[in-house]
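The structure appears right after this line, and notes come after that.
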Amino acid sequence: MSEVKIEKLCKSYGPIDVLKDIDLTVEDGSFVVLVGPSGCGKSTLLRSIAGLEPVTSGTINIGGKQVNDLPPAQREIAMVFQSYALYPHKNVYDNMAFGLKFARTPKAEIDQRVSEAARILQLEPLLKRRPRELSGGQRQRVAIGRAIVRKPQVFLFDEPLSNLDAALRINTRVEIAKLHRLLKATIVYVTHDQVEAMTLADKIVVMNAGRVEQTGRPLDLYYRPANKFVAGFIGSPAMNFIDATVAKKDYLEFGSGVNLSLPLPKSCKVGERVTLGIRPEHIQFGARAKIQLDGKIDIIERLGEIGYAHVALPNGQTIVAQVNGEPNVGNGQTVSLALSSQQIHIFGEDGTTLTA
Amino acid sequence: MAKETDASLMGMSRANYMRLLAFFLAPAVIVYSVFSIYPLLATIFNSLYLRQTDGSYIFNGVGNFGTLLTDTTWSVSFWNAMKNNFIFFLIHMCVQNPIGIALAALLSLPQLKFRAAYRTLIFMPTMLSVVIIGFTWQLILSPLWGISKMLLQSVGLGALFAPWLGQESTALITVSLISVWQFVGIPMILIYTALLAIPDELVDAATVDGLNQFQTFFFVKLPLIIPAIGLVSVLTFVNNFNAFDLIYAMKGALAGPNYSSDIMGTLFYRTFFGNQLQLGDASMGSTIATMMFLIILVGVMVYLFVIQRRIQRYSF
Amino acid sequence: MNVRKHASAFAVHAVLLAYTALALAPIILVIMNSFKERKAIFGSPLKPPSPSTFSLIGYDKVFGDSSIASYYINSITVTGGTIFFTLLFGSMAAWALAEYKFRWNTLLAIFLSIGIMVPIRLGSVALIQLIAQLNLINTLTALILVYVAQNIPLAVFILSEFIGQIPKDLREAARCDGLSEYNIFFHIILPLLRPAMATVAVFTMIPVWNDLWFPLLLAPAGGKQTITLGIQQFLGQYITDWNSVLSALSTAIIPVLILYVIFSRQLIRGLTSGAVK
Amino acid sequence: MLKLSLKTLLLAAVAVAASASVASAGKLTIESWRNDDAAIWKDKIIPAFMAKHPDITVEFTPTAPKEYNAALNAKLAGGTAGDIITCRPFDASLELYNKGFLASVNDLGSMKNFSDVAKSAWTTDDGKTTFCVPMGSVIHGFIYNKDIFAELKLTEPKTEEEFLATLDAIKKDGKYVPLVLGTNDQWEAATMGFQNIGPNYWKGEEGRKALIDGTGKLTDKSYVDAFTALAKWSPYMGDGYKAQTYPDSQNLFGLGKGAIYAAGSWDISTFRGQKVNMGAFKAPPPAGSKDCYISDHTDIGIGMNAKTPNAADAKVFLDWIGSEEFAGIFANALPGFFPLSNAKVTISDDVAQTFVGWRGECKSTIRNSYQILSRGTPNLENEMWNVSAQVLNGAMKPEAAAAQLEDGLKKWYKPHQ
């Protein structure tokens, strides 16, 4: 049972609060991704779990045992670092065996564990090499191997793919996903890349400014963001946001005569300032629809099968709409955009999602 | 060095290109050749001549070196100075550099408070002139002023006090330790820089691997700063075989008692410039200087071609 | 864990504090006693000056010897001149070696690096004769020339490493803009070299300011003594007068310490080539 | 700035160099190691000369004693030395004369005021040319603190036996350091120790000359005895005397913490400055000796830079140095340096008078290592410093010390081979 349970975790450097009241449960065998912009505290949270950062208050439980006062080595965790942090003066075998030696593991067992990890990661031919004789992807695998041999309850990954090039990143992402299934390991994974988060996670934790903004399964976050921050962070290209005023019941004014009649959550009050959010992929061209905005195309980026049109609204705002191969739209053209009413999000002035 | 640019690339005439090179290179090369290389060569040249009792010089080939190394008139002093110089060097290697490394290790600990203040203050003696340092310590160790005796007595070790600077068995060690005290800042700073270059994540990785701070230092950091330690060692060697000021300031040109603190630098000074009734001897002085030159050269070569090649350098 | 952590932090500070005290005590002792009267210096050397033992008599004598001020000016001139010419000549040569292709490039680089390994001091014998022939004995020019020659190799070494790190694009862009090679160096490269120059300046300054050897050989008199030599000679003169001795030592120490404390951050950064955290 | 060519740079460098060279006619500069006496030269000696010769300006520019030889040699070689050169005795100055740096002073009128003995320290081996005007000699002996002697009811010792008894008495009392002398700087051990008491053993000039012509050896009983006498001092020297420097010794006695100080006469002015109530006694001869001997060493002379542009003025100055007037000023301004001229000089300082008074009671000699014997390698004077310090430190037996000196001399000096 290797569950990670974090309660009321706070951390501050002097007057600066880096982590504020974090509650988080990582179920046994699950893959949890901490995601958020840089400086949001996700790495600090991971390092707190690892025991590399002392916490100010709150508790951390791993496998049902409170580990707040345990040094990293006794927490039964293993960590894969962003820069891999391989010992440059040791070969691949020794890098993997190093921690075990210090834990006074019998030599035979070290051998057995290292060769098993090497087999899983296809590192066998590289065992005698030094880190500098390895490619980036190979180093990455050694770093993971070093984690595996520890047989930890929890794997901690700190942006492990950010030093790889785009192609390798996708490959390794898949390998990590496979590895997770193979090892049935509990994983806490930090990244700032929402695509990684979406593809890998059983559960995503979106963090911002030291707080957990929302926790949930990837698609839950995509379809039901709790607030404007999560809505904007998850999904690519990002969700369009248009500021509006509730002029009357179910009626939004965007300024310069741009208005929209649509069903609004009941909690909306007349005169309230809100933000309408809609993802580019939920906008259609030309179709006559109930909820529709007119604008002029500034520029279209075509990626092949799909494209993105940047459309200027009469009130000066630009929104991005997905173009699904329509060949007849072009720059400078005036178009009508149909918004799918199920996919419209309305956020209150404080950014929280207003629900019906 | 593929990045160098040549004349054709810049569309310059050959004459203009030479003028360009001369403009940039001549000042440095001229000053360096005239005031550094020429004197070194001339010294080697001088060492081939012999001073006659009437003050004139005759050509003697490498005879001076034979005299210096084998004729007991000179060789006793020479080997004594050589031995003392090695002791001087060994004390620096075994005391100064380990202390420097230890201080650097402490200073590079994460989350250390007052790091900058410690670093600044510990480096302070290195800033001061050897003359001042030598004199200051002479006062402190002086049996007349009695400061060190008082200090020892205050911790109940008064009986340990001795005129360390005046005893044959302790003079050299005492002077060496004073030099160590002054210059410990240099290995400290160089090693500290090397330690800073080690990525934090590597230390974190070691922590996760279950190493405590001592083990992290010995098994992770230390192997990685070996190149810096090698550099510090060769610097120590060159500086120690060049040392002169401190011993001259504290023990005079005769480096007593009974030449027990005599090193190559003082022997050279005394021989070349003379002392009291001893007249300066330019040729034997040059011979000693040339020997120092050779010793340093051998040391540096050993470092460059034997030690440095075996040292593995790591990029992080 | 917390207790253990505090205990180890305490131990670290205890060690560092102890060493800092060891490093500073002799200096403090000298400065403190220089403000005391003779009897108190000998009677209670470890006590700070009190109103009854306070005395400036030593300083009167030191500053009565008006040459102390000129010694300082000599030292500043020599150190400043050395740093200036070392940086100018050194960066010019470093640039040529790093940037231009010519037949003797590598050989010249090796030639210049001899000076890093072998100290010029061993050539003192011939150097004196040379300086004498040039009629430069007892001039600050002699010292500056020798120090510049002594420091050029290291300067070239550090600066050419640094020039190698300046993006090639920058020079190419300048060439495309039609700048002459001279202008590229003086207007583009030189300003970019500032951090490396700070390092070279520090490595040059400390030994030059503190050197006793060459002032002793090349400019031992004629009012051209540097402060280090001047103090050494002053000590010789007033050796039994401890008020003067301690005041002279303090006079030599204090300005250096003040400058050091003001600039220590830059200085240490220079020494660590910018790697200070 | 960019037009600045290499040529301009070089021109600038030459200009800087040229402006630095010195040329000061009409003004005499004196090179000296006597930085202790700078004030006396400036306030007393030079004004007295300039009162007579208002057209000649004189400046005294001393160098620290430790660096004097090296600095002077460099300056002479570089042509930047002063017009007047203060001369060390014997070979150091002879070397300068041989190299053509010092001019002959044979033709100076005042040279007739000096005896051959006085001139010997600055005369060529053939005795034909003198190159420095003898200025002063120093006498060795012991200075004691009168107050301490009064307190402990002691009297001046007359013999070696009494001397040791006196030291014993002071040691027993325990309040004062009996004999103030340190061995850190080494030279005091030889100069204030060995050369101070030695002449009584080797019979002054007789022994000294025998060493030079080879009839005497340093292993002779007289030298071993001198070292043996020296070795007896150790128990009476201050705590930590092995690390005690010369200035330490001066301070120790100057502060009234020591009773007897092994002295050179030049120390008188130092202790006058520290207001010590002092007296002096000469080196106590060993039991059974009929005559007494003192070390009265020709220590300081003054000559002319052969390349001076102000030769005429310099000669006027040197002639005045040889005069009776200078002898009077010098002797009284610097009690402890005794003029070498035949002129009758009254010395007002009572301790200095005591010192000079010994000339009438005992036979004078100079230090035995100075003439000729320190010309080769190993250097006898250096060796003497070394072994004397070791004997006092208890690190060497007197016989071994004497043997080492003789061995060294034997290596290069024909008459001893």
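R375(D) has a carboxylate O that lies under 4.0 Å from a charged side-chain N of D125(D), or vice versa, which qualifies the two as a salt bridge. Using a cut-off of 4.0 Å between Lys/Arg side-chain N and Asp/Glu carboxylate O, K149(B) and D239(D) are scored as salt-bridged.
Using a 4.5 Å heavy-atom threshold, the side chains of S283(B) and D281(B) count as touching.
Here N382(D) is the residue among T183(D), V177(D), N382(D) with the most heavy-atom pairs under 4.5 Å with chain B. The candidate from D185(D), N184(D), V387(D) with the greatest count of non-hydrogen atom pairs under 4.5 Å with chain B is N184(D). With respect to chain D, the highest number of heavy-atom pairs below 4.5 Å among L141(B), L165(B), L254(B), V76(B) belongs to L254(B).
Along residues 407-417 of chain D, the residues that come nearer than 4.5 angstrom to chain B, judged on non-hydrogen atoms, are K411(D) in order of number.
Contacts of N69(D) with chain B are made by side-chain atoms alone, with heavy-atom separations under 4.5 Å and no backbone atom involved. Using a 4.5 Å cut-off between heavy atoms, M284(B) does not touch chain D at all. If you measure heavy-atom distances from Y269(B) to chain D, the contacts under 4.5 Å come from the side chain alone. Looking at A395(D), only its side chain comes within 4.5 Å of chain B, counting heavy atoms on both sides. Looking at T72(B), the atoms closer than 4.5 Å to chain D (heavy atoms on both sides) sit in the backbone and in the side chain alike. Of the atoms belonging to S249(D), not a single heavy atom falls under 4.5 Å from chain B. For E168(B), the part lying under 4.5 angstrom from a heavy atom of chain D is the side chain only.
Residues Y259(B) and N386(D) bring no donor and acceptor atom of their side chains to less than 3.5 Å of each other.
Cation-pi geometry between R367(D) and Y370(D) is satisfied (NZ or CZ under 6.0 Å from the ring centre, within 45° of the ring normal).
Formation of a donor-acceptor pair under 3.5 Å by the W122(D) side chain with backbone atoms of R88(D) is found in this model. Panel note: side chain S142(B), backbone Q138(B); no donor-acceptor pair is recorded below 3.5 Å. Between the T170(B) side chain and the W164(B) main chain, a donor and an acceptor come within less than 3.5 Å of each other. Remark: side-chain polar atoms of T86(D) are paired, donor with acceptor, to backbone N or O of E31(D) under 3.5 angstrom.
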Report task. Could you check F88(B) against F241(B) for ring pair (Phe, Tyr, Trp, His ring centres under 6.0 Å), going step by step and ending with a plain yes or no? Result -> CA-CA 9 Å; F88(B) 192 69; F241(B) 274 86; 8.8 Å; no
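F227(D) and F194(D) have parallel rings, their planes meeting at less than 30° on a 0 to 90° scale where 60° marks the start of perpendicular.
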